[in-house]
Asker: 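Take a look at the following structure, please.
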Amino acid sequence: MHVMLFFPGKKSGTTVTFVIIEGWVITVASVGDSQCIFDSANGGMYYLSADHRLDCNEEERERITASGGDIGRLNAGCGTEIGPLRCWPGGLCLSRSIGDRDVGEFIVPVPYIKQIKMSTAGGRLIISSDGVWDALSAEAALDCCRGMPPEAAAAQIVKEALQANGLRDDTTCIVIDILPQKKPAAPSPPPKKPVKHLLMSLFRKKPSESFSYKDKEYMEPDVVEELFEEGSALLSERLNTKYPVCNMFKLFMCAVCQIEMKPGEGISVHAGTSSLVKVCPWDGPFLCSSCQEKKEAMEGKRPSGND
């Protein structure tokens, strides 16, 4: 399902950290500077999101400059630069966000995605906005709430962040504990056999002592396994999904900038690829000519702005 949020008259954007928990697998998609960490119950802390602030993400700085954007600090005059690194045009200090319609096209809504398989011991997820991480390290956030239930832990993290950095307008936190399933109660012993059948039972073949699949689920916890991580600036694999080819008005739509195009104007992301599967020119997703040029620049196929 493809969902687009549009707020008429609103130009400001937002950051998003989206978490899906399915069984023992956690999938996180993040855009911006809100972050998610996972503290495994059997040891180990894992960062499940990317910080898209330009000050600390070299790969994103390279993506923007390769696409033709400029990066720099605010000029206070007389050659004095102040504040964090920003992307120009627009002056946003993040490289990715949802919304922000008044900034340049180099600020993209494409998320960073990471997926892990937890150990069967479970663990704790902390999802917080940048107001928390500006004040606390991941270790400090975890340490200040150990042993607390989730709701109290979230409140404690926010309290610690406010004490460290003063009042912030974007200091929010969600804590989720993922607990192992309770081991089923041991079955009650079978009733004692009558004495007359005792001799027969001595010579009867014993059942196999192998344990069932359910028993295996409650063995010692396994380790956390990192299944997937996508932090690259390349767009080709991200766009290689089944977007709707056209909407109800038969207009093609660019998969990146969402501009509507007439049939034949869009460039399929499969164009020019060597594939064993036959791909037709009308097979999406599609890019407009401008986004296609940026995509090629990001992939190093040609410098941005050159024909």
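Owing to the predicted nature of the structure, the values given are computational and were not obtained by experimental measurement.
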Asker: Is the backbone N or O of Val110 less than 3.5 Å from a side-chain atom of Arg96, with the two atoms forming a donor-acceptor pair by type?
Answerer: yes

Asker: Is Ile157 close to Ile126 at the side-chain level, that is, under 4.5 Å between some pair of heavy atoms?
Answerer: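 Contact flag for Ile126/Ile157 side chains = yes.
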
Asker: Of Ile26, Ile116, Val25, which meets side chain to side chain contact (heavy atoms under 4.5 Å, CB included) against Leu227?
Answerer: Val25

Asker: If you measure only the distance, is there a donor-acceptor pair under 3.5 Å linking the side chains of Ser129 and Thr172?
Answerer: yes

Asker: Keeping the roles fixed (side chain from Arg73, backbone from Glu81), state whether a donor-acceptor pair exists under 3.5 Å.
Answerer: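 Pair absent, no side-chain N/O of Arg73 close to backbone of Glu81.
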
Asker: Can a cation-pi geometry be assigned to Lys114 and Tyr46, taking NZ or CZ under 6.0 Å from the six-membered ring centre and within 45° of the ring axis?
Answerer: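 No - Lys114 does not lie over the ring of Tyr46 by the 6.0 Å and 45° rule.
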
Asker: When rounded to the nearest 0.5 angstrom, what distance separates CG in Asp170 from OG1 in Thr14?
Answerer: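 Answer for the CG-OG1 pair, Asp170 versus Thr14, is 9.5 Å.
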
Asker: If we only count heavy atoms from C-beta on, is the Leu48 to Ile37 side-chain gap below 4.5 Å?
Answerer: no

Asker: Indicate yes or no for a side-chain donor-acceptor contact from Arg124 to the backbone of Asp39 under 3.5 Å, with no hydrogens or angles considered.
Answerer: no

Asker: Does the side chain of Leu125 come within less than 4.5 Å of Ile178's, by heavy atoms?
Answerer: yes

Asker: Of Ile174, Ile176, Thr27, Val28, which meets side chain to side chain contact (heavy atoms under 4.5 Å, CB included) against Val19?
Answerer: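 That would be Val28.
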
Asker: Testing the basics here: between Lys295 and Leu287, what is the closest heavy-atom pair and its distance to 0.1 Å?
Answerer: CD-CD1, 3.4 Å

Asker: Taking the side chain as every heavy atom from C-beta outward, state whether Asp130 and Thr15 have any atom pair closer than 4.5 Å.
Answerer: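 Heavy-atom side-chain distance check fails, nothing below 4.5 Å.
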
Asker: Can you tell me how far the CH2 atom of Trp24 sits from the CE atom of Met118, to the nearest 0.5 Å?
Answerer: 6.0 Å

Asker: Please check if Val175 and Ile21 belong to a single hydrophobic cluster, counting links between Ile, Leu, Val, Met, Phe, Trp and Tyr side chain heavy atoms closer than 4.5 Å.
Answerer: no

Asker: Of the non-hydrogen atoms in Lys294 and Ser67, which two are nearest, and what is the gap between them?
Answerer: O-OG, 4.4 Å

Asker: Check whether the side chains of Asn42 and Ser119 place a donor and an acceptor atom closer than 3.5 Å, and report yes or no.
Answerer: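 Checked: Asn42/Ser119 side chains pair up, N/O donor to acceptor below 3.5 Å.
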
Asker: Hydrophobic clustering (ILVMFWY, side-chain heavy atoms < 4.5 Å, transitive) - are Phe38 and Leu179 grouped together?
Answerer: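 Cluster IDs for Leu179 and Phe38 differ.
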
Asker: So which atom in Thr171 and which in Gly131 form the shortest heavy-atom distance, rounded to 0.1 Å?
Answerer: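 Minimum heavy-atom separation between Thr171 and Gly131: OG1-CA, 3.6 Å.
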
Asker: Would you say Ser34 and Val16 make side-chain contact, with heavy atoms under 4.5 Å?
Answerer: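 Not in contact.
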
Asker: Return yes if a side-chain donor-acceptor contact under 3.5 Å exists between Ser30 and Thr17, otherwise no.
Answerer: no

Asker: Please give me the minimum heavy-atom distance between Asp143 and Arg146, naming the atom from each residue.
Answerer: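 Shortest heavy-atom separation between Asp143 and Arg146 comes out as OD1-NE, 3.1 Å.
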
Asker: Heavy-atom count check: over 12 atoms from other residues, nucleotides or ligands less than 6.0 Å from Glu151 CD?
Answerer: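 Count not over threshold, so no.
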
Asker: Distance check, rounded to the nearest 0.5 Å: Tyr47 atom OH versus Gln35 atom CD?
Answerer: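 Tyr47 OH to Gln35 CD: 8.0 Å, rounded to 0.5 Å.
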
Asker: Measuring from Cys254:SG to Ile259:CD1, what's the distance to the nearest 0.5 Å?
Answerer: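 Spacing of SG (Cys254) from CD1 (Ile259) equals 7.5 Å.
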
Asker: Output yes when Arg53 and Asp134 qualify as a salt bridge under the 4.0 Å nitrogen-oxygen rule, no when they do not.
Answerer: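 The answer is yes: the pair qualifies as a salt bridge.
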
Asker: What's the shortest heavy-atom distance between Cys257 and Cys288, and which atoms?
Answerer: SG-SG, 3.8 Å

Asker: Count the heavy atoms belonging to other residues, nucleotides or ligands that lie under 6.0 Å from CD of Glu22, then report whether that count exceeds 12.
Answerer: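 Atom CD in Glu22 is not crowded, with 12 or fewer foreign heavy atoms closer than 6.0 Å.
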
Asker: Do Arg63 side-chain atoms and Phe106 backbone N/O form a donor-acceptor pair below 3.5 Å?
Answerer: yes

Asker: Out of curiosity, Ile20 CD1 to Ile113 CD1, how far, rounded to the nearest 0.5 Å?
Answerer: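 That separation rounds to 9.0 Å.
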
Asker: Counting only N and O atoms by type, is there a donor-acceptor contact under 3.5 Å from the side chain of Asn57 to the main-chain atoms of Asp51?
Answerer: yes

Asker: Determine yes or no for a side-chain-to-main-chain donor-acceptor pair under 3.5 angstrom, with Trp133 supplying the side chain and Ala138 the backbone.
Answerer: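 No: the side chain of Trp133 does not pair with the backbone of Ala138.
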
Asker: Between Ile71 and Arg86, does a side chain to side chain contact (heavy atoms under 4.5 Å, CB included) hold up when you go through it step by step?
Answerer: CA-CA 6 Å; Ile71 293 176; Arg86 300 177 183 274; over 6 Å; no

Asker: Work out which heavy atom in Leu136 is nearest to a heavy atom in Ala161; give both atom names and the distance.
Answerer: CD1-N, 3.9 Å

Asker: Would you say Arg61 and Leu85 make side-chain contact, with heavy atoms under 4.5 Å?
Answerer: yes

Asker: Just how far is it from atom SG of Cys87 to atom CD1 of Ile64, taken to the nearest 0.5 Å?
Answerer: 4.0 Å

Asker: With side chains defined as the heavy atoms from C-beta onward, is the minimum distance between Ile127 and Cys36 less than 4.5 Å?
Answerer: yes

